[in-house]
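Labels below follow one simple rule: chain letters A, B, ... track the order of the sequence lines, proteins then strands, and each chain is numbered from 1.
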2 protein chains.
Amino acid sequence: MKTEPPRTERRADALSKQRIVEAAIEILDADGETALTFRALAARLATGSGAIYWHVADKGELLAAATDEIVARVMTGIVPEVEPRAAIRAIALGVFDAIDAHPWVGAQLTREPWRPALLLVFEGIGGRLQTLGVPERAQFDAASTLLSYVIGVGGQNAAHARMARDEERTDRSAFLGEVADRWSALSASGYPFLRHVAAQMRDHDDREQFLAGVDLIMAGIAAIQ
Amino acid sequence: MKTEPPRTERRADALSKQRIVEAAIEILDADGETALTFRALAARLATGSGAIYWHVADKGELLAAATDEIVARVMTGIVPEVEPRAAIRAIALGVFDAIDAHPWVGAQLTREPWRPALLLVFEGIGGRLQTLGVPERAQFDAASTLLSYVIGVGGQNAAHARMARDEERTDRSAFLGEVADRWSALSASGYPFLRHVAAQMRDHDDREQFLAGVDLIMAGIAAIQ
DNA sequence: ACCTGAACACCGTTCAAGT
DNA sequence: ACCTGAACACCGTTCAAGT
């Protein structure tokens, strides 16, 4: 899979998988998943749509490569020497913020687990659980639980971003308010809990709630030891 | 939105949203998400593809309605009077098993949260946390954490099922074995944790690991009180 | 009110032909 | 080796026309 460096000088703007992936990320960030088509990508790269297939197998590989790129950037930014609990929080927050900035990543992570992108995250979390002294038996389950949670929140965040784009709700609080309104309107007998937390839904901060979940799971891991 | 009962007798096989959704579920279960097209659906219902639009707004509503149907069936099966901790486990397992039987549901739940389907699950979990005595402040965060975890695992399960279908791996253990092999082949310096748990990956049971995660989160909820 | 099915505006992907 | 762009086989969705 490793591509040889080209023998002859290439035009500065020659195609390459790297350039294609970067252009794809720009389109995805600017206009969302539906905007990424091979025709749009070819136009942006000033080439034919078929040329892209010389460097990338298909659209799936393109999306996977773009996701790996974003997640790799996140993991590069994690300082390695910090206290394990703080490191796990930092990794989780890094993924959360990356999905916040690139919502399409959230959808992609749920679609394609066990890719390089997620292996980096899984290794980062699992390694810290080891140094934290989590018993052998529990390490795998604990790391999987944290990863699944991070992916789950990421997918929901991606969905929120998609909805905010589709309807032209500019801000997040308007969206939360709408959901809260809908919960308040549910039947009192069928949905007492949702009616009860509707007010909290309206005012809560997604990022803080995400962290609260990470802490909850970490508390569970500590309790099991 | 409530449709009036028809004044005149209808042909027994007349179209209706219910019949369309049932046919969609059959196609999704039999041949996966890519097989659900309006043409295939129209053929199965012996009608024109445009007719479906009289009963359903678009493909998104069709998928959402199919998902609501499956999740509603699950929630109907939950016995209401059991001990709250057991009830939460039962709800989580119910969703897990439903996604196992209908992998497309897992993908859909990550794509469209806050639909009737998920509200039922969220209410079921949150209500039990209330009766469990989880403090006011923590109920919303705890229920959200559990829901996000369930959705995250569901999305991954859906991805596994998709991969098993695409390549013709019949059984799950073959898939786990392949992942384990890939983990074992990673660099010892970069991925010590993944190499360490590769053997557990090969032999683990997805369902048991899912339950272990639920228990971990429940332990964290208990620890916080 | 409900259904038909051709037509429209797109897709991802392929491939003969070029350089 | 790499690129071009027309062509193919599909999609979701619309809509004039039927009953």
Side-chain angles (χ1 to χ4, degrees), chain A residues 1-24 27-28 31-67 104 107-108 111-112 162 166, chain B residues 1-24 27-28 31-67 104 107-108 111-112 162 166:
Chain A
M1 268 305 157
K2 196 161 288 178
T3 54
E4 307 281 337
R7 318 256 165 139
T8 63
E9 271 313 303
R10 302 275 301 280
R11 290 147 54 213
D13 64 337
L15 272 186
S16 68
K17 182 165 177 181
Q18 181 59 29
R19 276 196 69 230
I20 293 170
V21 168
E22 273 163 19
I27 292 174
L28 287 163
D31 299 306
E33 299 170 64
T34 56
L36 181 65
T37 68
F38 277 77
R39 283 165 178 81
L41 195 52
R44 174 177 278 257
L45 291 164
T47 185
S49 59
I52 297 165
Y53 283 91
W54 186 262
H55 302 274
V56 168
D58 55 23
K59 193 170 183 181
E61 189 194 322
L62 180 59
L63 279 165
T67 303
W104 51 274
Q108 194 56 27
R111 237 185 298 282
E112 299 252 298
R162 219 177 301 121
D166 289 352
Chain B
M1 268 303 159
K2 197 161 288 180
T3 52
E4 305 282 336
R7 320 256 165 140
T8 62
E9 271 311 304
R10 301 275 300 281
R11 287 150 54 214
D13 64 339
L15 271 186
S16 68
K17 183 165 177 181
Q18 182 58 28
R19 274 196 72 229
I20 293 170
V21 168
E22 273 163 21
I27 292 174
L28 288 163
D31 299 307
E33 298 170 66
T34 56
L36 181 64
T37 68
F38 277 76
R39 282 165 179 81
L41 196 52
R44 173 177 280 258
L45 291 164
T47 183
S49 58
I52 297 166
Y53 283 90
W54 186 262
H55 302 274
V56 166
D58 55 23
K59 192 170 183 180
E61 189 194 323
L62 180 58
L63 279 165
T67 303
W104 51 273
Q108 194 55 27
R111 240 186 298 282
E112 299 251 298
R162 220 178 300 122
D166 289 352

(request) May I ask you to verify if any side-chain N or O of B:Trp54 is less than 4.0 angstrom from the OP1 or OP2 atom of C:dC2? (result) yes
(request) Could you grab the distance from atom CG of A:Asp58 to atom CZ of A:Phe38, nearest 0.5 Å is fine? (result) 7.0 Å
Between the protein and nucleotides 13-16 of chain D, are there any N/O to N/O pairs under 3.5 Å, and if so, what are the atom names and distances?
| from | atom 1 | to | atom 2 | distance (Å) |
| --- | --- | --- | --- | --- |
| D:dT13 | OP2 | B:Tyr53 | OH | 2.9 |
| D:dT13 | OP2 | B:Lys59 | N | 3.0 |
| D:dT13 | O5' | B:Tyr53 | OH | 3.2 |

(request) Would you mind telling me which of D:dC11, C:dC2, D:dC3 lies closest to the side-chain atoms of A:Leu15? (result) D:dC3
(request) Answer whether the closest heavy-atom distance between the side chains of A:Thr67 and A:Glu112 falls below 4.5 Å. (result) no
(request) Calculate, to the nearest 0.5 Å, the distance between atoms CG and CD1 belonging to B:Leu41 and B:Ile27 respectively. (result) 5.0 Å
(request) Working to the nearest 0.5 Å, report the span between CG of B:Leu28 and CG of B:Leu36. (result) 4.5 Å
(message) Could you measure the distance from the CD atom of B:Glu33 to the CZ atom of B:Arg162? Nearest 0.5 Å is fine.
(response) 5.5 Å
(request) In whole angstrom, give the distance that lies between atom CD1 of B:Ile52 and atom P of D:dG12. (result) 10 Å
(request) Just call it for B:Leu36: base, sugar-phosphate, or nothing, with non-hydrogen atoms closer than 4.0 Å on any strand. (result) sugar-phosphate
(request) Report the secondary structure of DNA chain D in dot-bracket form, marking unpaired bases with a dot and bases paired to a different strand with |, and treating Watson-Crick or G-U pairs with both distances under 3.5 Å as paired. (result) ||.|||||...|||||.||
(request) Measure the spacing between CG of B:Leu45 and CG of B:Leu15 and express it to the nearest 0.5 Å. (result) 5.5 Å
(message) OP1 or OP2 of C:dA1 versus the side-chain N and O atoms of B:His55: is any pair under 4.0 Å?
(response) no
(request) Check every strand shown and say whether B:Leu41 touches a base, only sugar-phosphate, or nothing at a heavy-atom separation below 4.0 Å. (result) nothing
(message) I'd like to know if the side chain of A:Arg19 reaches the main chain of A:Ala14, judged simply by a donor and an acceptor atom lying under 3.5 Å from each other, with no hydrogens or angles considered.
(response) yes
(request) For residues B:Val56 and B:Glu61, report the shortest heavy-atom separation together with the two atoms involved. (result) C-OE1, 4.0 Å
